[in-house]
2 protein chains.
Amino acid sequence: MPVTLKDIAARLNLSITTVSRALGGYPDVAAETRQRVLQAAREMGYHPNVIAQSLQRRRSNTLGFVIPATERYLSDPFFLELLSGIGDGAAQRGFDLLVSTCAPLSSEERTVYERMIRGKRVDGMVVARTRKEDERISYLVQEGFPMAAFGRTALALDFPFIDVDGEEGVGQAMAHLLGSGHRRIGFISPPVYLMFTEHRLAGYRRALERSGLGFDASLVVEGNLSQASGYEMMGRLLDLGDPPSAVVCGNDLMALGAIHAIQERGLAVGRDIAVVGFDDIPLAEHCHPPLTTVRQPIYEIGKMASEMVIQIIEGRELQERQVILQPQLVIRESTVTTERG
Amino acid sequence: MPVTLKDIAARLNLSITTVSRALGGYPDVAAETRQRVLQAAREMGYHPNVIAQSLQRRRSNTLGFVIPATERYLSDPFFLELLSGIGDGAAQRGFDLLVSTCAPLSSEERTVYERMIRGKRVDGMVVARTRKEDERISYLVQEGFPMAAFGRTALALDFPFIDVDGEEGVGQAMAHLLGSGHRRIGFISPPVYLMFTEHRLAGYRRALERSGLGFDASLVVEGNLSQASGYEMMGRLLDLGDPPSAVVCGNDLMALGAIHAIQERGLAVGRDIAVVGFDDIPLAEHCHPPLTTVRQPIYEIGKMASEMVIQIIEGRELQERQVILQPQLVIRESTVTTERG
DNA sequence: TTTGACATCCAAAAGGTTTTGGAATATAAT
DNA sequence: ATTATATTCCAAAACCTTTTGGATGTCAAA
């Protein structure tokens, strides 16, 4: 049913080669012939079969991205923003995006990646939420497969990535809190297996040590990046005999959960307890009170990542293989004393 | 470099046909031969070239989904949940998912769909957030292309869909508010071009008329489903000479924005003004106060939708072509009077 | 007239798989 | 011994495209 090059060739009494080359803009076809081909293609409703092109060109013009879905009801707006960045970056260069979800650290993860890569479904991968020991990345590097990551690893591997300086980001947050007079500051940590946890925790620790306060392990609790875990972990901190007066959260979602826990106990966020998040998802601005948070340009990072992978695929040299962006603290009411809670 | 059927055939002195059929589990290959093929394939690290398979089978085993991204920084967790449902449903049947983003009603929209479909990149599409006059759906129906939608349309077209009874959902919310004594109830509407707006608005209107209160157009404002617009529109309602004592929002995100606007004016959500959302995204439970909302099982709907499309692709008859699910009101503190605001 | 350059076209191979329609051999039934 | 029936294998076509390496014809220069 669908129109192929063969159909056009038959109608115009030309060879498939000529039709292909006319459409492809090659110079070895007469201007008049090209016009006839173009018109016939339009009239007949020709659309190239992308699959056949991929097979022949040995290029699928497709990027792969596996969303590390921790929960079934995956809800972190972070990924949606990242996804749309990756998708837009890819689309701009004529690439499509193949998406899967897979629980991080699960046994199927390897299979999902292999299916995409070995099956030649994709030409490159974007990896997000990197781990200290990231088997996804060691696999890709070992295969020599084009990729770019959002985040670093603890592995001694040289691969292209974009990351945000989490130590600096949390450092800014801590400086802000310490400057406001806080002396007991808690930290709701992301899972330790994630690389950025190390950086953010380092920012927390260093700020405490520099200010002479010292690190107190009892003020650090580990969540899983969901609101629910932020809620739960904040509860634990509040149950402490001497609870903190401020808390830095590993991401915005946990901060929202923490705010909920604080408010549920009749305390006022900002006045009684200060809360800082990380990410600056759109919701951070519109919760109550608006959340002070460390902003990372997620959409732009996604876009950059897909652009980097495509550059690699196309064999062009990367001007910057490893980018570390400086985050920016956005101060809102969750860390300032106001009348209302 | 990658291992092909040809390589295995050469090593075992067999034909490509036999290797293919051995791997494919056909009965016309000797048990011993099959074993040899299987082992060689394993040893040599054979992975079928999915692209070549797609070309030959005329099936890409891929579903397409275009996220209607209204803003650049797309943040509605709704879509992430839907996406993971679609992806999981597809994966369970061996289908991949190709994702694009595109502004709804934009001129590129048609191109994005055409590229996927005419290029044979996908075997079926899932369409979300249906419009009253939905060109995406009329295009797909006209092409006879396998699809399933989340939502209905105003078009006289027979296509497979899953929808939630929005009229009933808002009806429940209204009954709850009216039962709590509210007499002036506002409605922050989704964009009118969307089909579900009609249903939800009908639920609002009917509840008012039934209760003898009558419909007051000045209490209805139109947002764009973002928190920012919920914030802005709530502001307008509050600026009214006689502001409502309760407000029903077209989705949770706008409800969160509305809560923000209310609290910013020093009013207490729940006590002073009741707020109801629609969706029950995970954040609804963890905002302050927790949001009363109409729950729709987004993940399950996504999963069902991809299952439906795949059934159609595989030529199996659908037992239920058009499904309308009953939503459920989840009552939380945003509509009940409490001490704290 | 021959040579070379140029313009225009095309047959065939290649990419990796599945499927069709036998072929070849062995075994069982007549 | 012949026919029928399984069993096991394979050559070739097909899916649709791109690319290679000419072929053919024209025209101008030598």
Side-chain angles (χ1 to χ4, degrees), chain A residues 1-38 40-41 44-62 94 115-123, chain B residues 1-38 40-41 44-62 94 96 115-123 314:
Chain A
M1 187 76 353
V3 181
T4 68
L5 290 182
K6 198 173 170 184
D7 300 325
I8 302 179
R11 164 149 144 184
L12 299 181
N13 273 321
L14 287 170
S15 73
I16 294 178
T17 308
T18 304
V19 177
S20 172
R21 310 210 106 216
L23 259 20
Y26 284 75
D28 62 347
V29 27
E32 193 232 329
T33 310
R34 165 166 295 121
Q35 284 315 313
R36 287 172 54 220
V37 170
L38 255 30
M44 301 169 76
Y46 173 75
H47 287 258
N49 182 320
V50 185
I51 302 276
Q53 284 180 327
S54 297
L55 180 59
Q56 159 65 29
R57 293 181 175 151
R58 264 136 298 188
R59 271 270 295 276
S60 59
N61 268 251
T62 303
R115 177 169 162 69
M116 284 197 180
I117 292 164
R118 314 296 293 261
K120 310 226 149 274
R121 294 234 48 170
V122 302
D123 299 328
Chain B
M1 186 77 356
V3 182
T4 69
L5 289 181
K6 201 173 170 182
D7 300 326
I8 302 180
R11 162 147 143 186
L12 299 180
N13 273 318
L14 287 170
S15 71
I16 293 177
T17 307
T18 303
V19 176
S20 171
R21 311 209 105 217
L23 259 20
Y26 284 74
D28 63 347
V29 27
E32 193 232 328
T33 311
R34 164 166 297 122
Q35 283 317 311
R36 286 171 55 219
V37 170
L38 254 32
M44 301 169 75
Y46 171 74
H47 287 257
N49 183 320
V50 185
I51 302 275
Q53 284 181 327
S54 297
L55 179 60
Q56 158 66 29
R57 292 182 176 150
R58 265 136 297 187
R59 271 270 294 277
S60 59
N61 267 252
T62 304
D96 288 318
R115 177 167 162 71
M116 284 197 180
I117 291 165
R118 312 298 291 262
K120 309 228 150 272
R121 293 234 47 171
V122 302
D123 299 328
E314 297 184 337

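For clarity, every value in this text was computed on a predicted model and none was experimentally measured.
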TODO: Would you mind reporting whether A:Pro2 and A:Asn49 have side-chain heavy atoms less than 4.5 Å apart?
DONE: no
Open item on the list: On the nucleotide C:dC9, are OP1 or OP2 found under 4.0 Å from the side-chain N or O atoms that A:Ser15 carries?
Closed with: no
Open item on the list: Whole angstroms only, please: what is the CZ-C1' distance between B:Arg57 and D:dC16?
Closed with: 17 Å
Open item on the list: OP1 or OP2 of C:dC10 versus the side-chain N and O atoms of A:Thr18: is any pair under 4.0 Å?
Closed with: yes
Open item on the list: If you only use heavy atoms from C-beta on, which nucleotide in C:dG15, D:dC16, C:dC9 is closest to the side chain of A:Leu55?
Closed with: C:dG15
Open item on the list: Below the 4.0 Å mark, does D:dT7 have OP1 or OP2 next to a side-chain nitrogen or oxygen of B:Tyr26?
Closed with: no
Open item on the list: For a 4.5 angstrom cut-off between non-hydrogen side-chain atoms, does A:Leu23 reach A:Leu5?
Closed with: yes
Open item on the list: Less than 4.5 Å apart, side chain to side chain, heavy atoms only: is that true for A:Asn61 and A:Gln53?
Closed with: no
TODO: In whole angstrom, give the distance that lies between atom CG of A:Leu12 and atom C1' of C:dC10.
DONE: 15 Å
- [ ] Look at the side chain of A:Thr17 against the base of D:dT19 and say whether a donor-acceptor pair falls under 3.5 Å; ignore hydrogens and angles.
- [x] yes
- [ ] Evaluate the side-chain proximity of A:Thr18 to A:Val37: yes if any heavy-atom separation is below 4.5 Å, no if none is.
- [x] no
Task: Phosphate contact (D:dC15 OP1 or OP2) by B:Arg58 side-chain N/O below 4.0 Å - done: no
Open item on the list: Base, sugar-phosphate or nothing for B:Ile51? Non-hydrogen atoms, less than 4.0 Å.
Closed with: nothing
Task: Base D:dT18 paired with A:Gln56 side chain (donor-acceptor, <3.5 Å) - done: yes
TODO: Please determine, for the side chain of B:Ile16, which listed nucleotide (D:dC9, C:dT18, D:dT17) has the closest atom?
DONE: C:dT18
Open item on the list: Counting the atoms with a prime plus P, OP1 and OP2 as sugar-phosphate, which does B:Asn49 contact under 4.0 Å by heavy atoms, base, sugar-phosphate, or nothing?
Closed with: sugar-phosphate
TODO: Using the closest heavy atom to pick a nucleotide of DNA chain D for each, name whichever of B:Val19 or A:Val50 lands nearer the 5' end.
DONE: B:Val19
Task: Among D:dT17, D:dC9, C:dT18, the nucleotide that comes nearest once only the side chain of A:Ala52 is considered - done: D:dT17
Task: Nucleotide D:dC10, atom P - distance to NZ of B:Lys6 in whole Å - done: 16 Å
- [ ] With heavy atoms under 4.0 Å as the rule, sort B:Ser20 into base, sugar-phosphate or nothing.
- [x] base
Task: Nucleotide D:dC9, atom C1' - distance to CZ of B:Arg21 in whole Å - done: 10 Å
- [ ] With DNA chain D as reference, determine whether B:Ala31 or A:Pro48 sits nearer its 5' end, using the nearest nucleotide of each.
- [x] B:Ala31
Task: Expected output: side-chain A:Arg58 to main-chain A:Gln56 donor-acceptor under 3.5 Å - done: yes
TODO: Let me know the distance between CG of A:Asp28 and P of D:dT18, rounded to the nearest Å.
DONE: 14 Å
TODO: Mind checking B:Asp7 for me? I need base, sugar-phosphate or nothing, with any heavy atom below 4.0 Å counting as a touch.
DONE: nothing
Open item on the list: How many whole angstroms separate atom CZ of B:Arg118 from atom C1' of D:dC16?
Closed with: 16 Å
Task: OP1 or OP2 of C:dT18 under 4.0 Å from side-chain N/O of B:Gln53 - done: yes
Open item on the list: Whole angstroms only, please: what is the CG-P distance between A:Leu14 and C:dA11?
Closed with: 11 Å
Open item on the list: Whole angstroms only, please: what is the CG-P distance between B:Leu5 and D:dC10?
Closed with: 13 Å
Open item on the list: Go through it in stages, so that I can follow the logic: the residues are B:Ile16 and B:Val19, the test is side chain to side chain contact (heavy atoms under 4.5 Å, CB included), and I'd like the CA-CA distance, side-chain angles, deciding distance and then a yes or no.
Closed with: CA-CA 5 Å; B:Ile16 293 177; B:Val19 176; 5.7 Å; no
Task: C:dC9 phosphate, OP1 or OP2, under 4.0 Å from A:Thr33 side-chain N/O - done: yes
